[in-house]
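To start, the structure under review is shown below, and the notes come after it.
Atom set for the values below is all heavy atoms of this structure, side chains included, hydrogens, waters and symmetry mates excluded. Per chain, numbering begins at 1; letters A, B, ... match sequence-line order.
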Amino acid sequence: MGDIYDNVMELARRRGFVWPSSECYGAVAGFIDYGPLGAMLKRKIENIWRDFYIIREGYYEIEAPTIGVESIYVASGHVKGFADKMYQCPSCKEYSRADHIAEEHGTANADTLSPEALADIINGLPCPSCGEKIENAAVFYFNLMFQTTIGPGSQRKGYLRPETAQGIFTDFNRLARFYRDKLPFGAVQVGKSYRNEISPRQGMIRLREFTQAEAEIFIHPDHKEHPDFSRYADYSIPLWGQTQQMQDIKPITVSMREAVDSGLVANEYVAYYIALTHEFLMKVGINGDKLRFRQHLPTECAHYALDCWDAEIFSGRFGWVETVGIADRTDYDLKAHAKGSGDNFTVFIPYENVRRENRRIVVPNMGALGPQYREKAKAVADALKYSAPGPDGATITLDGKEIFIPPELYQIREETIEVRGEEVMPHVVEPSYGIDRILYCTLEHSYEEEDVDGEIRKVLHLNPAVAPVQAAVFPLMNKDGLDTIARTLSIDIQKHGILSQYDDNGAIGRRYRRQDEIGTPYTITIDYDSLEDNTVTLRDRDSMQQVRLPVTLVPETLTRLIHGTLPFSEAGSKI
RNA sequence: GCACCGAUGGUCUAGUGGUAUGACUUUGGCCUUCCAAGCCAAUAGCCCGGGUUCAAUUCCCGGUCGGUGCACCA
């Protein structure tokens, strides 16, 4: 058999976690279906994420369309920046990046050139794949966004969103009102994003349609201290900063407090979400030894981002996989949309104390200015307002000429004004999670082939918090009333909101193995003792240990086990 | 997208110019007092399109998907 990926995906297909999409018409690369158990697992991961960001952080979830009008993505930079300038070699039909070839032959900043200018440069150069001289090749944009048209007549261009973030930025002013105009605030979105990858390989790791969970947290640019930082101040995890990477040394384990104080991490907000991400990934079932936080190198960090860290998870097939990005994006996005839309993307922040400022203002005397300057009177008046008049009069510049304005044409008024605050464009801290990648890594880290008495036992050691099926109930024998008790118990468990499967098919051992394979953490078996004393056995998936407890206590016990408030060893009496 | 390799029940596979082997799984039954036991039976397959041929799962061409290398990868 193949490697860990092959084994995990084989199980995932067979048991209904992940399937190739639209298989009956031929699957399409870059798309997957989540089967019954996969959809359940994914939803549980997303809901744990919601526990962290919505319930704990208080950032409410919104839901924007997956199709956005072109202007959004012109403003965000995706129409330009998400497009690669490509050309196709006329000889070998290879597609390559035109700007890369130009740069290799000495053109600096080739990516900023127009397609036409680039075409002029590369025509005549040798093709990097076949070596033939490039002739008459056109340079065109290949945009990673899926394009569509909106409405009949199809005049309005739209794009499938390449990230969920923009929907939050475009709602900024509504959100600011919702949060009653106070910083910080945040909003989250969990949903599909689309990127028309040129060549999506690597199965679930690079999809054309994928699920993101993103939070956009709007903070005051001068106050990047997280109000709840104490929660993670002592949280210590290995961080692999730029310096360590460039000096080729290992990540250093520090507390978030130290990380911020030493300047390793830009500010408390970024550090806080690094720690929160660590806690979240552990909760979901990622192996902590296969998790690291890596800072973007200056070359890979977006030019506007102040600091950017990736949570990388180690996969036996793919190596270190980027699963979460945490970035301080400054005011880049809001600025872009302010420019693009003409709206203000600011919050009015009152000062603690109202500031009184003395001001001299120049009030033009229009009654006198009008007859004297005629059509220029308005321009003169405007210029006067910004001038600094001396005792004899004011000198202004109009159309390049200096004009002297005597004092009788204006008044100077001294006044005290109250400045109550200022308009602030917030900075954005963005933790962005790739749910599909996290789900795959969870499966891979959970997967184990264990040797039990010479047989291979395949187990998914899924955390009970994410396991799609939480419990299973078996009658030891499908007769003598054992099955009746089992069915009754099964229904009782379901009434407590626990998803449990009833199974009486085949040998008991086979039934345990089935549940092991899909990661069901607990199984209950009704045996002949149950008929005598109303007790049942409860089996722990990972240890295969069993305890005995009264049947009436089962639902309550399961609930506590699943929530992690009861260790298995205390769930009943040892057998 | 290019090059090379691959594709046979749900899974893993044998094999073939004349519709296909075995195992596991699944379902039903018998048996069975706790970890894939045994017995009987059943269900289920040649990736898609075109060509050659009396006949194609098999040969040829194209495509799809998957793997590897190159290019690409917010």
Tell me every residue that passes ring pair (Phe, Tyr, Trp, His ring centres under 6.0 Å) with Trp19(A), counting only those two or more places apart in sequence or in another chain.
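Testing Trp19(A) for ring pair (Phe, Tyr, Trp, His ring centres under 6.0 Å), a comparison that skips the adjacent residues, returns none.
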Qualifying salt bridge (charged side-chain N to carboxylate O under 4.0 Å, His left out) pairs with a residue from residues 468-492 of chain A, counting only residues at least two apart or across chains
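Residue pairs with at least one partner in residues 468-492 of chain A: Arg487(A)-Asp504(A).
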Is there any salt bridge (charged side-chain N to carboxylate O under 4.0 Å, His left out) pair reaching into residues 62-76 of chain A, and which pairs are they, with sequence neighbours excluded?
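Sorted result for residues 62-76 of chain A: Glu70(A)-Lys157(A).
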Please check the phosphate of U27(B) (OP1 and OP2 only) for any side-chain N or O of Asn505(A) closer than 4.0 Å.
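Checking Asn505(A) against U27(B): at least one side-chain N or O falls below 4.0 Å of OP1 or OP2.
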Does anything in residues 473-494 of chain A reach RNA chain B, meaning a heavy atom under 4.0 Å, and if so which residues?
Leu476(A), Met477(A)
Could you list by number each residue of residues 508-526 of chain A showing a heavy-atom separation from RNA chain B of less than 4.0 Å, or answer none if no residue does?
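Contacting residues: Ile508(A), Gly509(A), Arg510(A), Tyr512(A), Arg513(A), Arg514(A), Glu517(A), Thr525(A).
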Identify every side-chain donor-acceptor pair in residues 505-512 of chain A under 3.5 Å, counting partners at least two apart or on other chains, and give the distances.
from: Arg511(A); atom 1: NE; to: Gly506(A); atom 2: O; distance (Å): 3.1
from: Arg511(A); atom 1: NH1; to: Pro475(A); atom 2: O; distance (Å): 2.8
from: Arg511(A); atom 1: NH1; to: Asp503(A); atom 2: O; distance (Å): 3.2
from: Arg511(A); atom 1: NH2; to: Gly506(A); atom 2: O; distance (Å): 3.0
from: Tyr512(A); atom 1: OH; to: Thr525(A); atom 2: OG1; distance (Å): 2.7
from: Tyr512(A); atom 1: OH; to: Gln546(A); atom 2: NE2; distance (Å): 3.2

Sub-3.5 Å pairs of nitrogen or oxygen atoms, protein against nucleotides 63-69 of chain B:
from: U64(B); atom 1: O2'; to: Ala27(A); atom 2: O; distance (Å): 3.3
from: C65(B); atom 1: OP1; to: Ala29(A); atom 2: N; distance (Å): 3.1
from: U68(B); atom 1: O4; to: Arg201(A); atom 2: NH2; distance (Å): 2.8
from: G69(B); atom 1: O6; to: Arg201(A); atom 2: NH2; distance (Å): 2.4

Under 3.5 Å, N/O pairs linking protein and nucleotides 47-49 of chain B:
none

Who passes side chain to side chain donor-acceptor pair (under 3.5 Å) against [X], sequence neighbours left out?
X: Thr442(A); answer: none
X: Asp529(A); answer: none
X: His427(A); answer: Lys224(A)

Listing time: all N or O pairs from protein to nucleotides 41-46 of chain B that are below 3.5 Å?
none

